[in-house]
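Beneath this line is the structure, given in structure tokens, with notes to follow.
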Amino acid sequence: MTLVAGVDSSTQSCKVVIRDAESGALVREGRAPHPEGTEVHPDHWWTALQGAIEQAGGLADVAAVSVGAQQHGMVCLDENGEVVRPALLWNDTRSAGAAADLVAELGGPKAWAEAVGSVPVASFTVTKLRWLAREEPDNARRTRSVCLPHDWLTWRLAGRPDTIATDRGDASGTGYWSPATGEYRTDLLELAMGRVPELPRVLGPAEQAGTAEHGGALLAPGTGDNMAAALGVGMRPGDVVVSIGTSGTAFACSETPSADAAGLVAGFADATGRYLPLVCTLNAARVLDAAARMLGVTPQGLSDLALRAPAGSGGLVLVPYLEGERTPNRPDATGSLHGLRLSNSSPEHLARAAVEGMLCGLADALDALGVEPARVLLIGGGARSEAVRRIAPTVFGRPVLVPTPGEYVADGAAKQAAWLLSGEPEPPHWEAGGTERYEGDPTPGLRERYREAAQD
Ligand SMILES: Nc1ncnc2c1ncn2[C@@H]1O[C@H](COP(=O)(O)OP(=O)(O)O)[C@@H](O)[C@H]1O
Ligand SMILES: O=C(CO)[C@@H](O)[C@H](O)COP(=O)(O)O
């Protein structure tokens with residue numbers, strides 16, 4: 001049996017799956033937590049990766065490895081390849097002002113959408129580099145090369161060779177690489193930083209990034225976590241995937257690049273040579289975590305409470321902007337409760353309002369994609385909640401399919417590793433697990449009440 005390993009180095013944790021390259025069958029797995037916070041030293045990702053690999057029984061018998069990771073994070077390296085400062089993550093909003101400045105300086109949102117497929121907000125690497133240049137000029141000066149979380153981990157697995165590699169999917173989240181042309185826009189880096197640091201080589205979908213320093217496994221290009229999830233869940237044309245992790249994302253696959261001048265849809269590339277238009281919110285599974293904490297219950301307890309409350313939570317609306325928000329672009333917003341009455345002042349109503357509020361943000365994301373999906377697939381840690389699964393159709397106004405809970409980002413990375421080994425033009429087709437279908441009538445007035453509350 002030939003084994004492949006897939007890594008998901010996401011915001012909250014690192015997961016490793018080891019699968020049979022031929023059938024995709026799960027052989028072993030491991031996981032380790034990441035520290036809290038929106039700036040994290042990459043060494044913590046490395047430590048967590050080592051822990052997860054060890055828990056998964058090591059890589060000695062693995063033929064190829066691929067790393068999927070959280071998108072956008074700014075990893076700055078000096079002339080010796082040492083990390084200059086902790087990485088600013090995708091959910092760090094300190095570069096919101098820099099984003100607004102950059103958008104204005106290039107001539108507005110349309111100019112950015114045309115240049116790189118996306119209008120940068122604080123999440124995009126390019127805005128973090130502008131922030132660095134303005135706020136930490138010494139660190140900016142010491143920065144010789146800039147890469148992303150998955151690039152850096154792949155480079156570390158390779159034993160820190162002279163060059164760093166990335167892929168189309170992750171490069172498309174930088175704000176200085178164009179999915180439409182497949183070229184870096186170094187002029188935009190110059191605009192952001194005043195100079196152009198060294199950048200990773202952008203590999204094709206199944207191009208080899210290197211060889212692991214220990215054990216000699218082939219290293220696949222890796223990709224961003226959403227692109228890996230699309231591969232892992234076996235996304236097909238017409239599908240929309242809604243992922244409820246630390247971020248909430250809704251994405252479709254497309255044969256053509258997109259460029260939304262309204263700035264809601266990020267025009268990413270995917271991991272197969274195609275495109276992945278995506279809408280991302282900053283507030284998803286952690287809204288449920290926060291609500292459970294406030295109510296003093298477990299995630300299961302929150303789900304039970306929410307399912308005991310009436311649809312619409314008796315008019316109670318929770319606006320979930322606990323970390324500010326990215327879509328809509330409101331980096332300084334906070335969460336809030338609206339419509340509180342004696343009649344809805346109960347743990348059950350609050351639990352349901354948290355689930356409904358989080359899902360309303362994702363329903364807006366789904367709508368912003370502007371596609372009529374044939375299937376909506378619900379994945380990510382938050383999709384393990386029964387309340388989320390049952391309430392989602394009532395908020396989205398359409399049925400949802402929930403694949404068997406799993407680590408779809410790590411699975412997609414493992415599939416990419418198997419693809420590298422196969423040398424075929426398309427990724428391997430692994431038999432998918434089942435999906436469970438959830439249906440429900442739309443809740444009257446819910447999205448309107450949410451829209452009104454979110455505007456306050
Ligand atoms: N049964 C559950 N109910 C609600 N939330 C859950 C459940 N299981 C996991 N989660 C949440 O999922 C989140 C982690 O999801 P994951 O997709 O792994 O995130 P990320 O990839 O961003 O690190 C955590 O916030 C966790 O609380
Ligand atoms: O910023 C984005 C997408 O543009 C996020 O989706 C990050 O890629 C983090 O993902 P999770 O850790 O929430 O999976």
Side-chain angles (χ1 to χ4, degrees), residues 7-15 31-36 38 40 45 48 52 68-74 88-93 117-118 120-125 127-128 148-150 169-170 172-175 223-230 232-233 241-251 264-269 276-293 297-307 322-323 326-327 351 354-355 358 362 365 378-391 402 405-410 412:
V7 175
D8 173 13
S9 175
S10 283
T11 315
Q12 296 189 51
S13 63
C14 181
K15 304 132 192 175
R31 65 189 299 146
H34 284 159
E36 284 289 324
T38 61
V40 170
W45 303 331
Q70 54 178 310
Q71 296 180 239
H72 310 296
M74 177 188 74
L88 298 189
L89 305 192
W90 64 278
N91 55 353
D92 187 290
T93 54
S118 302
V121 288
S123 295
F124 284 70
T125 328
T127 72
K128 299 178 191 302
L148 298 168
H150 110 257
D170 228 0
S172 66
T174 57
T223 192
D225 55 2
N226 290 292
M227 297 78 198
V233 80
V241 172
V242 174
S243 169
I244 306 178
T246 314
S247 63
T249 58
F251 51 91
L264 300 177
V265 183
F268 294 147
L276 198 82
L278 178 149
V279 182
C280 179
T281 73
L282 293 189
N283 298 286
R286 276 174 164 169
V287 175
L288 308 181
D289 296 345
R293 207 163 43 242
V297 295
T298 60
Q300 176 65 51
L302 184 84
S303 176
D304 294 344
L305 282 173
L307 290 173
L322 309 190
E323 296 232 83
R326 161 172 167 182
T327 318
V355 175
M358 186 270 290
L362 284 170
L378 208 59
I379 61 168
R384 294 180 190 258
S385 156
E386 185 62 17
V388 167
R389 294 156 167 237
R390 284 173 46 187
I391 295 171
V402 185
E407 298 303 341
Y408 287 101
V409 175

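Both counts, for ligands and for their atoms, begin at 1 and track the order of listing.
- When the options Q71, R326, Q70 are ranked by their closest heavy atom to atom 1 (O) of ligand 2, first place goes to R326.
- When all heavy atoms of L276 and F251 are compared, the pair lying nearest together is CD1-CD1, 3.7 Å.
- Set against the non-hydrogen atoms of T249, the atoms of ligand 2 under 4.0 Å away are 6 (O).
- With S10 contributing its side chain and S13 its backbone, the two residues share no donor-acceptor pair below 3.5 Å.
- The shortest contact between atom 7 (C) of ligand 1 and any protein heavy atom is with G381 O, 3.4 Å.
- When every heavy atom of V287 is checked against every heavy atom of A354, the shortest pair comes out as CG1-O, 4.0 Å.
- Atom 18 (O) of ligand 1 has its closest protein heavy atom at K15 NZ, 2.6 Å.
- Here L88 contributes atom CG and H72 contributes atom NE2; the two are 13.5 Å apart, rounded to the nearest 0.5 Å.
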* Audit row: D225, T249, side chain to side chain contact (heavy atoms under 4.5 Å, CB included) steps and yes/no -> CA-CA 11 Å; D225 55 2; T249 58; over 6 Å; no
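- Short contacts between ligand 1 and P299, defined as distances under 4.0 Å to a heavy atom of the residue, involve ligand atoms 2 (C), 3 (N), 4 (C).
- If you look at Q70 next to ligand 1, there are no close heavy atoms at all, none under 4.0 Å.
- Of all atoms in ligand 2, listed by their number and element, those nearer than 4.0 Å to a heavy atom of S247 are 5 (C), 6 (O), 9 (C), 10 (O), 11 (P), 13 (O).
- At a heavy-atom distance under 4.0 Å, no atom of Q12 approaches ligand 2.
- Contact between G173 and ligand 2 is absent, with no heavy atom of the residue lying under 4.0 Å from the ligand.
- Selection from L282, D225, N226 by nearest heavy atom to atom 10 (O) of ligand 2 gives D225.
- Annotation: side chain of L282 is in contact with side chain of W90 (closest heavy-atom distance under 4.5 Å).
- Between the T327 side chain and the C280 main chain, a donor and an acceptor come within less than 3.5 Å of each other.
- Side chain of S303 to main chain of A387: a donor-acceptor pair is present (N/O by atom type, distance under 3.5 Å, no hydrogens or angles).
- Scanning the protein for heavy atoms near atom 20 (P) of ligand 1, the closest one is T246 OG1, 3.5 Å.
- The shell of residues lying under 4.0 angstrom from ligand 1, judged by heavy atoms, excludes H34.
- For atom 27 (O) of ligand 1, the nearest non-hydrogen atom of the protein is D289 OD1, 2.5 Å.
- Between the side chain of T127 and the backbone N or O of A122 there is at least one donor-acceptor pair closer than 3.5 Å.
- Here the side chain of N283 pairs no donor or acceptor atom with the backbone of M358 at under 3.5 angstrom.
- Residue-ligand proximity, H72 to ligand 2, at heavy-atom distances under 4.0 Å covers atoms 1 (O), 2 (C), 3 (C), 4 (O).
- Those atoms of ligand 2 that come under 4.0 Å of a heavy atom in T246, given as number and element, are 13 (O).
- Put simply, CG on D92 and NZ on K128 are 5.0 Å apart, with the number rounded to the nearest 0.5 Å.
- For H150 (side chain) and A69 (main-chain N/O), no donor-acceptor pair under 3.5 Å exists by modelled atom type.
- Set against the non-hydrogen atoms of S385, the atoms of ligand 1 under 4.0 Å away are 3 (N), 4 (C).
- Atom 23 (O) of ligand 1 has as its closest protein heavy atom Q12 N, 3.0 Å.
- Regarding atom 21 (O) of ligand 1, its nearest protein heavy-atom neighbour is S10 CB, 3.1 Å.
- In T11, the parts holding a heavy atom less than 4.0 Å from any atom of ligand 2 are both the side chain and the backbone.
- For atom 1 (N) of ligand 1, the closest non-hydrogen atom of the protein is R384 CB, 3.6 Å.
- Counting atoms of ligand 2 from 1 in the listed order, those under 4.0 Å from a heavy atom of F268 are 4 (O).
- Considering all non-hydrogen atoms of both residues, G175 and F124 come closest at N-CD2, 4.1 Å.
- Residue G380 approaches ligand 1 through these ligand atoms, each under 4.0 Å from one of its heavy atoms: 17 (O).
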* Test T246 against Q12 for side-chain hydrogen bond (donor to acceptor under 3.5 Å, both in side chains), laying out the working first. => CA-CA 7 Å; T246 314; Q12 296 189 51; 3.1 Å; yes
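- In this structure, atom 13 (C) of ligand 1 lies nearest to the protein heavy atom A285 CB, 3.5 Å.
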